[in-house]
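Note sheet for the following structure.
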Amino acid sequence: MKNIIPSVKGTRDFYPREMAIRTWLYDKIRQVSESYGYQEYEGPLLETVELYAAKSGEELVKEQSFVFPDRSGNLITLRPELTPTLVRMVAQRQGQLAFPLRWWSFGPFWRYERPQKGRSREFFQWNIDLIGEASPEADAEIVAVMASFFEATGLTPTEVAILVNNRRLMDRELGKIGLTEAQRPEAFRLIDRRDKLTPEEWCDYALELGLSPRQFDQLLALLENLELWKGSEELARFFEVIAALGVDDYVKYDPQIIRGLDYYTGTVYEGRATTPRLRRALSGGGRYDNLLADVGGDPLPGTGYAMGDVVITLLLEDTDNLPKDLDVSPAPVLVTVFDESLLLASYKLAADLRAAGLNASCYPAPAKLSKQFKYADRIGARLALVLGPDEKSQGQVTVKNLLAGDQSIIPQEEAPALIGKILACKKPS
RNA sequence: GCGGAUGUAGCUCAAUGGCAGAGCGUCGCACUGUGGAUGCGAAUGUUGCGGGUUCGACCCCCGUCGUCCGCCCCA
């Protein structure tokens with residue numbers, strides 16, 4: 001392989017096989033989202049840097065985004081997340097939209113990070129949000145959509161879990177053990193990082209924040225307390241609704257879930273793979289009640305999450321839940337070209353088939369039939385048609401079933417109807 | 001941004017510092033009107049790139065780029 005210009009670092013090429021998987025995933029997402037009454041939308045892939053500068057995490061826009069000047073010197077960002085765009089779109093038409101708003105989207109995003117397993121610089125992300133409803137029911141519904149997606153793709157509660165916590169609850173509990181309001185955001189960060197540090201490092205970090213040894217012990221106890229949610233009316237109601245929606249197998253309380261983004265205000269949740277081979281975050285989100293007001297809209301509560309395509313696809317592959325029969329050959333019929341003098345007749349036959357609504361391709365040039373049959377086999381065609389001198393003189397065409405190996409000769413004018421009938425029979429598999 | 005591996009034919013990988021190979025795939029033929037099987041044959045390389053050491057480098061050293069695996073961060 002020489003002199004081939006390399007692809008941009010961290011991007012992926014979707015060959016037909018991978019593209020079929022991506023389309024399959026998109027279809028699943030659409031199916032689940034729409035089953036709950038959510039509408040598809042899409043925003044621009046390019047945004048001004050200002051849109052993210054206001055909120056998001058500092059690091060997300062400063063260090064992890066693709067930002068570059070356009071020809072007039074304005075700084076353009078390849079979107080690293082969708083929520084700011086969503087919030088803008090809602091704020092712009094706040095008076096015209098019907099609330100509560102249920103919207104979903106699936107599209108590309110970019111983050112300037114070091115690529116590795118489960119992470120690329122260009123990825124696809126499912127976003128789904130419920131805006132205009134502040135109740136725990138709204139959070140529960142959104143979490144139920146996530147659970148339904150797992151269920152629809154064959155992932156079981158032993159393979160994935162949705163961990164839930166509530167920032168208001170944690171804020172209150174931190175207050176109870178004597179942390180000042182100024183200390184609490186840092187304490188959130190501390191909790192968020194617990195899994196990423198050794199117990200010693202974590203303890204040092206805690207003491208650095210000014211926690212007393214007694215407070216440290218109290219914090220530890222807090223994070224071990226799986227009953228903590230019972231002290232939150234919001235979460236108590238949330239779990240009731242989750243049970244009513246029939247997805248409680250997937251949803252668990254976890255006092256350690258905090259989430260990194262600064263704009264979350266209430267219930268937060270995270271979909272995790274729990275299989276030993278792949279213990280990673282699949283999706284994450286939460287309630288953001290101040291975001292609309294922050295960008296200049298009237299106050300509106302919202303809740304929603306995002307799921308990237310990379311890790312979920314890895315997990316689905318790992319758990320053997322990717323479909324095996326993805327059809328990468330849209331044209332089940334290949335018309336062969338016998339020789340130069342019959343090329344146009346073959347082209348016309350293929351056109352007749354297409355006019356009848358069948359997907360058909362025609363070999364583009366005369367070639368040995370063995371070569372054309374081999375090609376038909378390679379592209380996964382089910383039928384190969386031969387229009388040679390014998391057939392032509394009789395007004396007929398040979399139809400060979402490539403799976404069964406048998407063939408028959410049929411009148412050419414009946415070919416579209418008969419072939420349609422053959423293809424309508426279930427695929428022998 | 002930090003650490004560790006790795007880079008040889010289209011793919012998967014061999015080759016102790018001494019002629020750069022195999023399997024699979026591709027192409028051709030057996031089979032000038034029929035694919036998936038079989039047999040025979042053929043093509044394919046600046047060993048990522050640039051330096052260095054050496055009589056001699058795929059092999060050792062330095063640099064660089066890509067990829068992979070961790071960390072950071074996140075989806």
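Order of the sequence lines sets the chain letters (A, B, ...), proteins ahead of strands, with each chain counted from 1.
For C72(B), neither phosphate oxygen OP1 nor OP2 lies less than 4.0 angstrom from any side-chain nitrogen or oxygen of R111(A). For the pair R79(A) and A75(B), the criterion of a side-chain N or O lying under 4.0 Å from OP1 or OP2 is not met.
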Extract all donor-acceptor atom pairs below 3.5 Å that involve side chains of residues 384-392 of chain A and protein atoms in other chains or at least two apart in sequence.
residue : atom : partner : partner atom : Å
E391(A) : OE1  : G388(A) : N            : 3.0
E391(A) : OE2  : T398(A) : OG1          : 2.5

Return a table of donor-acceptor pairs under 3.5 angstrom between the side chains of residues 369-376 of chain A and protein atoms on other chains or two or more places apart.
residue : atom : partner : partner atom : Å
Q372(A) : OE1  : V337(A) : N            : 2.7
Q372(A) : NE2  : V337(A) : O            : 2.7
Q372(A) : NE2  : A367(A) : O            : 2.8

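If you check residues 146-155 of chain A against RNA chain B, you find no residue with a heavy atom closer than 4.0 Å.
With sequence neighbours excluded, no residue forms a side-chain hydrogen bond (donor to acceptor under 3.5 Å, both in side chains) with Y112(A). Scored by the side-chain hydrogen bond (donor to acceptor under 3.5 Å, both in side chains) test, T158(A) finds T156(A) as partners (sequence neighbours excluded). Evaluation of the salt bridge (Lys or Arg N to Asp or Glu O under 4.0 Å) rule for D254(A) yields no partner, not counting sequence neighbours. Residues passing the side chain to side chain contact (heavy atoms under 4.5 Å, CB included) test with D204(A): none are found, sequence neighbours excluded. Partners of R121(A) according to the side-chain hydrogen bond (donor to acceptor under 3.5 Å, both in side chains) rule, which considers only residues two or more places apart in sequence or in another chain, do not exist here. Taking the side-chain hydrogen bond (donor to acceptor under 3.5 Å, both in side chains) definition, one finds that K348(A) meets it with D352(A), sequence neighbours left out.
Remark: aromatic rings of W229(A) and F239(A) are close, center separation under 6.0 Å. With ring centers used as reference points, F149(A) lies under 6.0 Å from W126(A).
Here F109(A) does not count as stacked on A75(B), because the ring centres are not under 5.5 angstrom apart with planes under 30°.
If you measure from atom OH of Y264(A) to atom P of C74(B), you get 11 Å, rounded to the nearest angstrom. When the C1' atom of C74(B) is taken as reference, atom OH of Y52(A) falls 16 Å away, rounded to whole Å. For K368(A) and G28(B), the NZ to P distance is 7 Å, given to the nearest whole Å. Atom CD of E122(A) and atom C1' of C74(B) are 17 Å apart (whole Å). Taking atom CD of E113(A) as the reference point, atom P of C74(B) lies 9 Å away to the nearest angstrom.
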E47(A) vs T85(A), test: side-chain contact (heavy atoms from CB on, under 4.5 Å). Steps then yes/no.
CA-CA 8 Å; E47(A) 292 281 11; T85(A) 299; 2.8 Å; yes
**Request:** Please assess R79(A) against E42(A) for the test salt bridge (charged side-chain N to carboxylate O under 4.0 Å, His left out), listing each intermediate value before the final yes or no.
**Result:** CA-CA 12 Å; R79(A) 62 181 188 184; E42(A) 177 62 297; 2.9 Å; yes
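When heavy atoms are screened at a 4.0 angstrom cut-off, R272(A) is found touching no nucleic acid atom at all. Note on I312(A): nothing from the nucleic acid sits closer than 4.0 angstrom, heavy atoms only. Residue contacts shown for A376(A) are absent, as no nucleic acid heavy atom lies under 4.0 Å away. Residue-level contact check: S120(A) touches the bases, meaning some heavy atom is under 4.0 Å from a base atom.
Taking the ring axis of F106(A) as reference, the NZ or CZ atom of R30(A) does not stay both within 45° of it and closer than 6.0 Å to the ring centre.
A57(B) and A15(B) are spaced 13 Å apart, taking the C1' atom of each and rounding to whole Å. G23(B) and U38(B) have their P atoms separated by 15 Å, with the value rounded to a whole Å. Comparing the P positions of C24(B) and C40(B) gives an interatomic distance of 11 Å, to the nearest angstrom. Nucleotides U26(B) and C11(B) have their C1' atoms positioned 11 Å apart, rounded to a whole Å. The same atom, P, is picked in C13(B) and in G7(B); the two are 10 Å apart, to the nearest Å. Taking atom P on both nucleotides, C58(B) is separated from G21(B) by 13 Å, rounded to a whole Å. Straight-line distance between the P atoms of U6(B) and C74(B): roughly 32 Å, to the nearest whole Å.
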Just the atom pairs and distances: protein N or O near nucleotides 65-70 of chain B's N or O, under 3.5 Å.
residue : atom : partner : partner atom : Å
C69(B)  : OP2  : K117(A) : N            : 2.4

Per-nt protein contacts along nucleotides 33-44 of chain B (heavy atom under 4.0 Å; B base, S backbone sugar-phosphate only, - none) come out as BBBB--------
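R12(A) has no carboxylate O lying under 4.0 Å from a charged side-chain N of E18(A), or vice versa, which leaves the two without a salt bridge. Salt bridge status for E224(A) with R194(A): present, with a side-chain N to carboxylate O gap under 4.0 Å.
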Writing each nucleotide of RNA chain B 5' to 3' as (, ), [, ], | or . by Watson-Crick or G-U pairing under 3.5 Å yields (((((((..((((....[..)))).(((((.......))))).....(((((..]....))))))))))))....
